[in-house]
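Each remark here refers to the structure printed beneath this line.
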There are 2 protein chains.
Amino acid sequence: MAKRRTEGRFTLGIDYGTESARALLVDVADGREVATAVYLYSNGVISDRLPDAGAQLPAHDWALQDPEDYLRALDKTVPAVLKQAGVTGDQVIGIATDFTACTMMPTKKDGTPLCTLKAFRANPHAWVKLWKHHAAQPEADRVNETARHLKEPWLQRYGGRISSEWFFPKALQILDEAPGIYKAADRLIEAADWIIWQLCGHETRNLCTAGYKAVWSKRDGFPRREFFAALHPDFADVVDAKMLRDVLPLGARAGGLTPGMAERLGLAPGTAVAAGNVDAHVAVPACTVTASGKMVMIMGTSICHMVCGAADKHVPGQCGVVEDGILPGLYGFEAGQSAVGDIFAWFVRTSVPAAYEAQAKKRKKSVHDLLAEKAAAYRPGQTGLLALDWWNGNRSVLVDADLTGLVLGMHLGTRPEEVYRALIEATAFGTYKIIRTFEQHGVAVDEIYCCGGLPERNDLLMQIYSDVTGREFKIARSAQTCALGSAMHAAVAAGRAAGGYDTIQAAAARMAGVRDKTYKPDPQAHATYDKLFAEYDTLHDYFGRGANDAMKRLKALKGVE
Amino acid sequence: MAKRRTEGRFTLGIDYGTESARALLVDVADGREVATAVYLYSNGVISDRLPDAGAQLPAHDWALQDPEDYLRALDKTVPAVLKQAGVTGDQVIGIATDFTACTMMPTKKDGTPLCTLKAFRANPHAWVKLWKHHAAQPEADRVNETARHLKEPWLQRYGGRISSEWFFPKALQILDEAPGIYKAADRLIEAADWIIWQLCGHETRNLCTAGYKAVWSKRDGFPRREFFAALHPDFADVVDAKMLRDVLPLGARAGGLTPGMAERLGLAPGTAVAAGNVDAHVAVPACTVTASGKMVMIMGTSICHMVCGAADKHVPGQCGVVEDGILPGLYGFEAGQSAVGDIFAWFVRTSVPAAYEAQAKKRKKSVHDLLAEKAAAYRPGQTGLLALDWWNGNRSVLVDADLTGLVLGMHLGTRPEEVYRALIEATAFGTYKIIRTFEQHGVAVDEIYCCGGLPERNDLLMQIYSDVTGREFKIARSAQTCALGSAMHAAVAAGRAAGGYDTIQAAAARMAGVRDKTYKPDPQAHATYDKLFAEYDTLHDYFGRGANDAMKRLKALKGVE
């Protein structure tokens with residue numbers, strides 16, 4: 001065990017992302033981030049062939065992962081951060097993880113992933129299905145049709161439609177396409193729960209993925225057997241045969257670290273291990289938010305919007321409402337925009353002339369920064385442009401993957417930075433639409449907090465969001481809010497007696513913070529943007545609610561030979 | 001006089017364009033183009049300051065020219081082509097010109113342009129107002145309002161609205177803003193007629209500019225005095241005081257070349273000089289078209305569509321119908337798209353990434369050619385994109401300069417060549433809409449002929465136009481159809497007795513031709529494009545006919561501080 005050079009008590013937060021995992025060692029007393037390390041998954045996102053020149057995947061919308069990458073991430077990062085910080089294992093009072101979701105896999109009874117067994121290794125269905133595996137759309141369609149047909153009451157909790165990314169469509173795809181794998185799978189489990197199993201030695205299930213991805217609720221549990229039977233006779237007992245009905249609340253102690261894992265990572269056996277959790281959701285208290293009415297936006301390639309309320313409400317186009325799903329004692333609402341930073345990246349990749357790239361290079365700036373600088377010279381409305389931000393469909397409030405992007409208002413003098421600005425504005429209008437929809441349906445959004453990559457680096461964007469929504473935007477102090485949120489949940493799992501906290505509220509009060517700098521709306525800009533938003537809203541409904549389904553008809557024509 | 005090396009009889013066509021003038025020497029027997037020369041105007045388009053560091057122009061929408069450039073063009077090109085061809089002046093039996101229009105100027109009684117006189121040289125209103133001088137919009141608005149108010153019957157011949165580019169708005173702007181210049185101007189005259197005055201020594205007016213730009217018709221002549229008086233008391237007698245009521249039909253002999261001009265140019269005195277004409281209109285017979293039902297499209301930065309019919313029809317959004325205006329004995333209809341090649345140039349300038357520019361350079365291609373090559377790999381409908389081609393407003397059939405461009409259907413994988421293809425398709429839909437509107441209002445379009453820069457160099461575009469419209473596209477044999485068209489009119493002005501022709505039909509039969517290669521529609525592509533056109537048409541009407549005036553409201557917001 002390494003030598004102690006630093007006093008205090010610490011927790012470890014491990015944030016499992018899409019391409020890499022990050023470990024963050026945090027001082028429990030004040031949330032100070034003591035050390036961090038990142039591990040890039042050696043097999044990354046598997047979207048072409050299985051590792052080691054294995055089988056070709058069946059289609060381009062597949063996305064798999066290797067569960068051994070999750071263990072390698074622990075091996076590589078946990079000892080590294082301890083060493084970096086000069087902290088000994090006995091100073092670490094808790095460990096917690098957050099994961100992408102729904103990221104799920106089939107395992108044997110003891111948690112051994114089927115893909116690690118020679119008999120199944122060549123079958124793509126034996127591997128981890130990553131959140132962005134989109135090949136279960138036919139199964140999602142069947143789930144939705146069946147639920148509507150049987151009038152399943154839970155459907156309305158998910159905006160009337162569940163996604164192909166979620167647990168049961170993915171499980172059903174295994175049964176449909178690889179019944180042998182389905183049969184051999186003693187367990188079907190979220191990676192978020194599987195990693196906890198590896199740490200504490202026994203299987204648990206967490207409330208967050210159960211609620212947001214597997215249609216579970218505190219009041220009604222999972223959907224009834226008859227519903228699953230209607231999907232496929234062999235699917236009737238999926239919950240009782242391959243899952244657990246007990247779910248642990250967030251921040252609960254799932255167990256103590258196994259002696260084997262403790263030795264492997266340089267930690268103490270029995271260290272508190274928190275129940276699994278989801279990346280976006282742990283970020284909420286890491287932004288200091290532990291009460292209702294405060295929206296947290298995680299802003300990066302896409303945006304996830306989370307807000308809690310005291311009452312259950314059905315908001316059109318929300319991704320889901322789960323009691324205790326974000327914060328204990330509150331209903332957690334989630335909505336999202338499926339492409340935000342991705343749209344700007346698309347624009348920079350495809351639509352910026354050589355002269356701009358040369359200018360950016362000369363001035364040692366990114367093309368993004370150059371465009372933002374030029375775009376900042378325009379007043380709201382001055383470009384005459386308006387866009388719909390549907391480059392990857394619309395997740396909220398229309399829940400329609402077949403919608404596409406639009407830009408309007410171009411003339412022969414239109415410049416690239418004007419289009420760039422219009423694209424930023426369009427994503428801000430998308431967020432505004434989500435906020436207004438929540439409010440119109442009884443979910444208050446009184447304050448806005450944000451975190452993620454975009455607030456770190458795009459000042460213009462943040463000001464536009466503030467001006468469009470007419471709200472102040474507060475920014476999380478931490479640049480790695482997910483890992484910090486996990487470390488906070490680890491402190492709750494450890495509990496006050498062990499030097500942690502008894503509630504996430506108490507943990508947030510000490511460990512989380514926001515920056516001094518906030519973005520405040522300019523009233524005149526907001527007034528102009530209200531006019532532009534009215535135009536956005538008209539086009540939103542015209543193209544998104546059936547008045548003109550041109551986008552869908554055009555998409556359908558693409559495939560016609 | 002130069003030495004004769006070549007036998008035969010010839011005519012000279014001089015095409016006065018926006019930036020330069022071209023002289024073409026043509027063999028009357030077979031239309032063979034014997035020699036050509038181009039003169040780039042030394043003062044070009046005057047849009048900032050008057051020449052010789054003169055006065056700043058009042059606004060950015062001004063566009064002037066220097067009439068002395070028109071004479072320098074004759075001096076530089078006519079002797080040059082004679083020399084080049086080894087043709088002597090006595091072999092040239094006629095000379096004709098075509099001009100941009102309405103390009104007009106104030107002169108003294110003897111034709112001296114006011115801007116050449118010291119007293120007026122510093123006043124921008126003394127110079128030639130080029131066709132694209134757009135500063136007379138307030139006057140055009142007044143003309144249209146007054147005409148509607150007084151129920152002037154001629155308004156419907158021009159699609160219900162006349163343009164700020166035309167003769168009376170420009171003349172009225174002089175009166176409004178520079179009454180001294182207006183008073184000093186004994187004549188207000190199209191450059192098309194002024195150049196003929198310089199060649200034959202007396203003033204004439206031609207039917208084409210009178211009809212299409214000065215609201216003249218064979219049946220009713222110019223608008224009545226009361227109308228002009230209602231615009232401005234001092235404008236009441238504009239026609240009788242500063243213009244001519246007699247107009248010469250196209251191909252008429254305006255007179256014989258003056259001895260002075262003959263000597264200056266190396267031609268024979270008395271050589272037939274044809275009445276003035278307009279660039280687009282002379283191209284019609286140069287495409288072999290001398291009958292009704294055959295549309296000629298001049299395809300370049302914009303597109304001009306011309307077709308003749310036996311009966312007077314009022315087609316919505318046409319630029320004008322003029323009896324004998326294109327071909328004698330027929331009603332000539334004109335429509336147009338205000339930006340075509342200009343849109344592709346905008347795209348290449350603003351929206352193509354450095355990697356494409358590098359690839360084009362490496363492969364020694366233009367970026368246009370590279371994009372066209374890549375875009376050609378897509379089937380109709382395969383991009384999933386749809387655009388509205390209104391980057392410079394919509395000239396026909398909506399006649400609305402405040403409309404703007406739109407692109408729809410983008411996703412994160414959309415590539416530049418797909419957008420490029422969608423822009424080409426949008427301009428083809430714009431042409432299709434014009435053709436359909438003509439046909440729906442009783443003007444047959446049985447065949448299509450084209451000329452101009454685009455058919456010369458964009459194979460993909462021509463095929464798309466053919467596939468979209470479901471028509472065969474024939475291409476003029478000549479790459480300089482305007483100058484050839486003038487040379488043909490020169491042969492008609494000379495007449496058969498002098499070795500020319502008595503009619504433009506006879507001239508076209510011998511002197512004009514089309515290429516062997518034509519573009520024929522692929523029935524399957526046309527069927528797909530009919531579906532896409534239905535989408536275009538829906539958006540065309542939605543944004544263009546008042547259901548959603550977002551484009552206009554956005555444009556109005558641009559100027560708000």
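Chain identifiers are assigned alphabetically (A, B, ...) following the order of the sequence lines, protein sequences preceding nucleic acid strands; residue numbering begins at 1 within each chain. The model shown is predicted, which means the values in this text are computed figures rather than measured ones. Atoms considered below: every heavy atom in the structure, side chains included; atoms not considered: hydrogens, waters and symmetry mates.
Of the listed residues (B:E357, B:M551, B:R349), the one with the most heavy-atom contacts under 4.5 Å to chain A is B:E357. In terms of non-hydrogen atom pairs under 4.5 Å with chain B, the most contact-rich of A:L386, A:T414, A:L385 is A:T414. Interface summary for chain B: among A:I343, A:L388, A:L539, A:V367, the most heavy-atom pairs under 4.5 angstrom belong to A:L539. The choice from B:G393, B:G384, B:A355, B:A339 that makes the most heavy-atom pairs within less than 4.5 Å of chain A is B:G384. Annotation: maximal heavy-atom pairing with chain A below 4.5 Å, among B:P416, B:A534, B:A387, B:G409, occurs at B:G409. Among B:A358, B:G381, B:A345, the residue with the largest count of heavy-atom pairs under 4.5 Å with chain A is B:G381. With respect to chain B, the highest number of heavy-atom pairs below 4.5 Å among A:L408, A:V348, A:T538 belongs to A:L408.
Using a 4.5 Å cut-off between heavy atoms, B:N548 touches chain A through its side chain atoms alone. Residue contact with chain A, scored on non-hydrogen atoms closer than 4.5 Å, involves the backbone of B:T383 exclusively. Using a 4.5 Å cut-off between heavy atoms, A:Y542 contacts chain B through its side chain alone, with no backbone atom that close. Neither the backbone nor the side chain of A:Y378 comes within less than 4.5 Å of any heavy atom in chain B. In this structure, the portions of B:W391 lying under 4.5 Å from any heavy atom of chain A include both its backbone and its side chain. When heavy atoms are compared at a cutoff of 4.5 Å, B:V352 approaches chain A solely by way of its backbone atoms N, CA, C and O. Contacts between B:Y356 and chain A at a heavy-atom distance below 4.5 Å are absent for every atom of the residue. With a 4.5 Å cut-off on non-hydrogen atoms, B:E535 touches chain A through its side chain but not through its backbone.
Without hydrogens or angle criteria, B:R379 side chain to A:K558 main chain gives a donor-acceptor distance under 3.5 Å. Of the possible donor and acceptor atoms, none in the side chain of A:W346 sits under 3.5 Å from a partner among the backbone N and O of B:G413.
For the atom pair CG of B:L412 and CZ of A:F347, the computed distance is 14.0 Å after rounding to the nearest 0.5 Å. Here the straight-line distance linking atom OG1 of A:T350 with atom CE of B:M410 works out to 9.5 Å at 0.5 Å rounding.
Counting non-hydrogen atoms of other residues, nucleotides and ligands closer than 6.0 Å to NZ of A:K365 gives a total above 12.
Contact of the A:L406 side chain with the B:L406 side chain is registered, since non-hydrogen atoms from C-beta on lie closer than 4.5 Å. Contact of the B:L557 side chain with the A:K531 side chain is registered, since non-hydrogen atoms from C-beta on lie closer than 4.5 Å.
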